[in-house]
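Reviewing the structure listed below.
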Amino acid sequence: MNHAIYDAAQQAIADGAFNAETLPQIILEVPPQKEFGDYATNFALQAAKAARTKPRTIAEAIVKRLKEDWLEKAEIAGPGFINFYLKADVIYDKLAAIIAVGENYGTLDKKQGERIQLEYVSANPTGPLHVGHGRGAAVGSALVNLMRAAGYDVQSEYYINDAGNQIDNLAASVNVRYLELLGQTVEFPENGYHGQDIVATAQRIVDGYGDKYLKMDASERLNVFKELALQEKLAALKEDLAAFNVQFDVWFSERTLHQANAIQETCDFLLGNGNIYKKDGALWLKSTAYGDDKDRVVIRDNGVPTYLAADIAYHRNKLERGFSTLINIWGADHHGYICRVKAAIEAMGYEGKALEVLILQMVSLYQNGELVKMSKRTGQSVTLSELIEEVGTDAARFFFIMRSIDSQLDFDLDLAKSKSNENPVYYIQYAHARICSIFRQAEEAGLNIAAKPDLTRLTMPAEIDLIKKMADYEDEIAYAAKERAPHRIARYVHELAGAFHSFYNQCRIMGVEPEIAEARLVLVGAVKNTIHHALTILGVSAPEKM
RNA sequence: GCGCCUGUAGCCCAGUGGAUAGAGCACUGGCCUCCGGAGCCAGGGGCGUAGGUUCGAUUCCUACCAGGCGCACCA
């Protein structure tokens, strides 16, 4: 269709109808009202300036030269829009094509050449995941699914911060709880973790080994507890994420960077190309040369690398693995970190735009009308597993994904609990279950489910609307993936479910003449596949019964 | 002070420079002797403020106001 318009425009120029050296991109859109046709373009308006010709003149010249067999008519409207009215067959051809690909409708052709890595969650293994991590987990996993459906080559990864101070604090915290359980009074470490899960970990050590570690040298005991706690926390993380329908292709341990001497090598490399210098006994990254506000310490004056140093080595490692694009999902509280990591990437000779950081705005939990603090250290945060227990994986995921990542999310626990049946996710799942029910009954009634009916029997407005809505799905997938916006799919599938429910109330399947019944059955079968496909991207189940 | 995000219906949010700005919740009134009423149909209500760019701005730019989050040799 774009080609036809382009050709007509070229022909018009050749015929001297108007002059233009460069033509704007042709963008087709669905007009706001049905009277404006099936598709419309503002091409003539866009071209008007360069051509120094009235938009309507250009539009007329193009319309006069459009002769396509799929086109019923093309009209000029308003300041110069061209509205296209398709022949009725086109929509039935599209439906037939949707039916032909079955459950794969919405899965686009593979793109070539680009390898993308998506890193998300990457919460420290020092305690349970909370609801903020939940948003990252839901959005990240949905984005992986979405981009894969759109044909991108994506690998997902979780970065385990299993080295550094926070792990030492974890060990120290467990140690204190262990000693307390054995009757000793010990001062709690300053940066320790106060969560109940730490007490539980200590309790399990007591249950398993008694006072075996009591007589052990303190530093040795800390080392043992560090490993025990780390294994336990990591296992708990994986369990929570699995319950939340989140899987990772790669679990990347920060320790492997230290063990492989990667941080030292990266620093040497940057020293070598002049992007790291020594000052006040520390090593500094010259990030101001790449747009940062100030230079950043990478190796402290005591010789210990900063978190940034490990992160630079980590991103170097990612790039050396051959990814052309690195997507990171970070919480809003880390946005100030973007600039320095990009600076480091450029300092290593890569393009800054290879790193794409998606900033996820904060989640605030409300309970009894009051803000619930989410600090891990107070131990009073609501954890992801508690949230799942309260509202379920499907509702929690949908709730997290349905909003743009740029908006803060107020999650009202009471509302989610008490009114969970009014959550939009149920509206969508209900549509799916309803269609499944129709098929069960159609089978009992002896309708031919496998028939290849005459689709042109679908002429009711509700039927046409439903087909058109479904026809939009592939474009929606492509656009949402390009924009990294999984919330668009949540919105789309809600609208599709709405179009179905509307159809359902107007068009019966059972008890009408068989040819129409079979055509409608094929139609709702395609809707069922599309809803299922979209919900799968969101990581939400599509039940056959509710 | 500097940086990032946000400001759209009573509430919570969509919205790709286009035509009469859309869903949900809430509210009001209708719809099953019939495929699942967790549903459908109808109704009222509006882009933070002030400029600018444009044929055209909710969308882009600037300033201001308001809310959130950052601004470590912590992670």
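Labels below follow one simple rule: chain letters A, B, ... track the order of the sequence lines, proteins then strands, and each chain is numbered from 1. Values below: all heavy atoms of this structure, side chains included; hydrogens, waters and symmetry mates excluded.
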ask   = Any salt bridge between A/Arg484 and A/Glu356, counting N to O under 4.0 Å?
value = yes
ask   = When you measure from the side chain of A/Tyr479, which nucleotide among B/A75, B/C35, B/U16 comes out closest?
value = B/U16
remark   = Rounded to whole Å, OH of A/Tyr426 lies from P of B/G24 at a distance of 19 Å
request  = Sticking with atom C1', work out how far B/U53 lies from B/C25, rounded to a whole angstrom.
outcome  = 39 Å
inquiry  = Does A/Tyr307 have more than 12 heavy atoms from other residues, nucleotides or ligands lying within 6.0 Å of its OH?
reply    = yes
ask   = If you measure from the P atom in B/A57 to the same atom in B/G51, how many Å do you get, rounded?
value = 14 Å
task = Just call it for A/Asn165: base, sugar-phosphate, or nothing, with non-hydrogen atoms closer than 4.0 Å on any strand.
result = sugar-phosphate
Of the listed nucleotides B/A75, B/C73, B/C35, the one nearest the side chain of A/Met510 = B/C35
ask   = Is A/Arg491 salt-bridged to A/Glu476, cutoff N-O under 4.0 Å?
value = no
inquiry  = Can a side-chain donor-acceptor contact be found between A/Asn83 and A/Glu75 if the only test is distance below 3.5 angstrom?
reply    = no
Presence of A/Tyr427 side-chain N/O under 4.0 Å of B/G37 phosphate oxygens OP1/OP2 = no
key: Closest non-hydrogen atom pair between A/Ile5 and A/Phe43, with its separation   = CG2-CD2, 4.5 Å
Interface residues of residues 428-438 of chain A with RNA chain B (non-hydrogen, below 4.0 angstrom) = A/Tyr430, A/Ala433, A/Arg434, A/Ser437
remark   = Output for pair (A/Glu346 CD, A/Asp292 CG), nearest 0.5 Å, gives 11.0 Å
query = Under 4.0 angstrom, heavy atoms only, what part of the nucleic acid is A/Met546 near: base, sugar-phosphate, or nothing?
reply = base
Under-4.0 Å salt bridge between A/Lys233 and A/Asp197 = yes
ask   = How is A/Ile338 classified with respect to the nucleic acid when contacts are heavy atoms under 4.0 Å: base, sugar-phosphate, or nothing?
value = nothing
request  = Just call it for A/Ala40: base, sugar-phosphate, or nothing, with non-hydrogen atoms closer than 4.0 Å on any strand.
outcome  = base
Stem regions touching RNA chain B, defined by at least 3 consecutive Watson-Crick or wobble G-U pairs below 3.5 angstrom = B:1-7 with B:65-71, B:27-31 with B:39-43, B:48-52 with B:60-64
inquiry  = With the criterion set at under 5.5 Å between ring centres and under 30 degrees between planes, would B/G39 be stacked on A/Tyr504?
reply    = no
task = With heavy atoms under 4.0 Å as the rule, sort A/Lys294 into base, sugar-phosphate or nothing.
result = sugar-phosphate
message = So if I take every side-chain heavy atom of A/His334 and compare against B/A75, B/G37, B/A38, which nucleotide ends up nearest?
response = B/A75
task = Output yes when at least one side-chain N/O atom of A/His487 is less than 4.0 Å from OP1 or OP2 of B/G15, else no.
result = yes
note = Atom CG of A/Asn42 and atom P of B/U16 are separated, to the nearest Å, by 15 Å
Selected nucleotide, minimal atom distance to A/Asp280 side chain, candidates B/C73, B/C35, B/G70 = B/C73
ask   = Please walk me through it: do A/Tyr314 and A/Tyr159 pass ring-ring contact (aromatic ring centres under 6.0 Å, His included)?
value = CA-CA 9 Å; A/Tyr314 177 42; A/Tyr159 181 52; 3.9 Å; yes
task = With C1' as the reference atom in both, quote the distance from B/G56 to B/A63 in angstrom, rounded to an integer.
result = 24 Å
inquiry  = Between B/A75 and B/C64, how far apart are the two P atoms, rounded to whole Å?
reply    = 36 Å
request  = Report yes if the ring of A/Phe36 lies under 5.5 Å from the six-membered base ring of B/A19 with planes under 30°, and no otherwise.
outcome  = yes
remark   = Closest non-hydrogen contact found for A/Ala138 with A/Arg397 is O-NH2, 3.5 Å
query = Say you pick atom P in B/C4 and the same atom in B/U28; how far apart are they, in whole Å?
reply = 46 Å
ask   = Picking from B/C35, B/C69, B/G15, which would you name as closest to the side chain of A/Ala332?
value = B/C69
message = Counting only heavy atoms not in A/Tyr39 (residues, nucleotides, ligands), do more than 12 fall under 6.0 Å from its OH?
response = no
message = Checking understanding here: a glycosidic angle within 90° of 0 is syn, the rest anti, so what is B/C32?
response = syn
task = Check every strand shown and say whether A/Ala445 touches a base, only sugar-phosphate, or nothing at a heavy-atom separation below 4.0 Å.
result = nothing
remark   = Rounded to whole Å, the CD1-P distance (A/Ile312 to B/A75) equals 13 Å
query = Does A/Tyr479 have A/Arg488 sitting over its ring (NZ/CZ under 6.0 Å from centre, angle to axis within 45°)?
reply = no
Phosphate OP1/OP2 of B/C41: any A/Gln506 side-chain N/O under 4.0 Å = no
inquiry  = Closest-nucleotide mapping onto RNA chain B: is A/Asn161 or A/Asn83 further toward the 5' terminus? I mean the 5' end.
reply    = A/Asn83
ask   = What integer distance in Å separates A/Glu495:CD from B/C40:P?
value = 13 Å
query = Expressed in angstrom and rounded to an integer, what is the separation of A/Ile401 atom CD1 from B/C13 atom C1'?
reply = 16 Å
query = Between A/Phe36 and A/Phe81, is the gap from one ring center to the other below 6.0 Å?
reply = no
query = Is there a donor on the side chain of A/Asn191 or the base of B/A75 sitting less than 3.5 Å from an acceptor on the other?
reply = no
request  = Establish, with yes or no, whether the OP1 or OP2 oxygen of B/C41 is under 4.0 angstrom from a side-chain nitrogen or oxygen of A/Ser502.
outcome  = yes
request  = Considering only atom C1', compute the distance from B/G10 to B/G44 and round it to an integer number of Å.
outcome  = 12 Å
message = In whole Å, measure the gap between the C1' atoms of B/C69 and B/U16 for me.
response = 28 Å
inquiry  = Using the C1' atom as the point on both nucleotides, what is the distance between B/C41 and B/C5, in whole Å?
reply    = 39 Å
query = For A/Leu538, which of A/Val425, A/Ile489, A/Asp394 qualifies under side chain to side chain contact (heavy atoms under 4.5 Å, CB included)?
reply = A/Ile489
ask   = Where does the angle between the aromatic ring planes of A/His334 and A/Tyr337 fall among parallel (under 30°), tilted (30 to 60°) and perpendicular (over 60°)?
value = perpendicular
request  = Measure from the side chain of A/Arg491, starting at C-beta and using heavy atoms only, and say which of B/A72, B/A75, B/A23 lies closest.
outcome  = B/A23
ask   = Please give, in whole Å, the distance from B/C71 C1' to A/Arg340 CZ?
value = 8 Å
message = Angle between ring planes, A/Trp330 versus A/His315, binned at 30° and 60°: parallel, tilted or perpendicular?
response = perpendicular
task = Starting at atom CG of A/Leu285, determine the distance to atom C1' of B/C73, rounded to an integer number of angstrom.
result = 14 Å
task = Measure from CD on A/Glu518 to C1' on B/C35 and round the result to the nearest Å.
result = 16 Å
task = Pick base, sugar-phosphate or nothing for A/Arg296, based on heavy-atom distances below 4.0 Å to the nucleic acid.
result = nothing
inquiry  = Looking at the base of B/G24, is there any donor atom on it, or on the side chain of A/His494, that sits under 3.5 Å from an acceptor on the other one?
reply    = no
N/O to N/O distances under 3.5 Å, protein versus nucleotides 5-7 of chain B:
residue: B/C5; atom: O2'; partner: A/Asp406; partner atom: O; Å: 2.4

Pair A/Phe399 + A/Phe411: ring centers closer than 6.0 Å = yes
request  = Starting from the 5' end of RNA chain B, give me the residue, A/His335 or A/Leu409, whose nearest nucleotide shows up first.
outcome  = A/His335
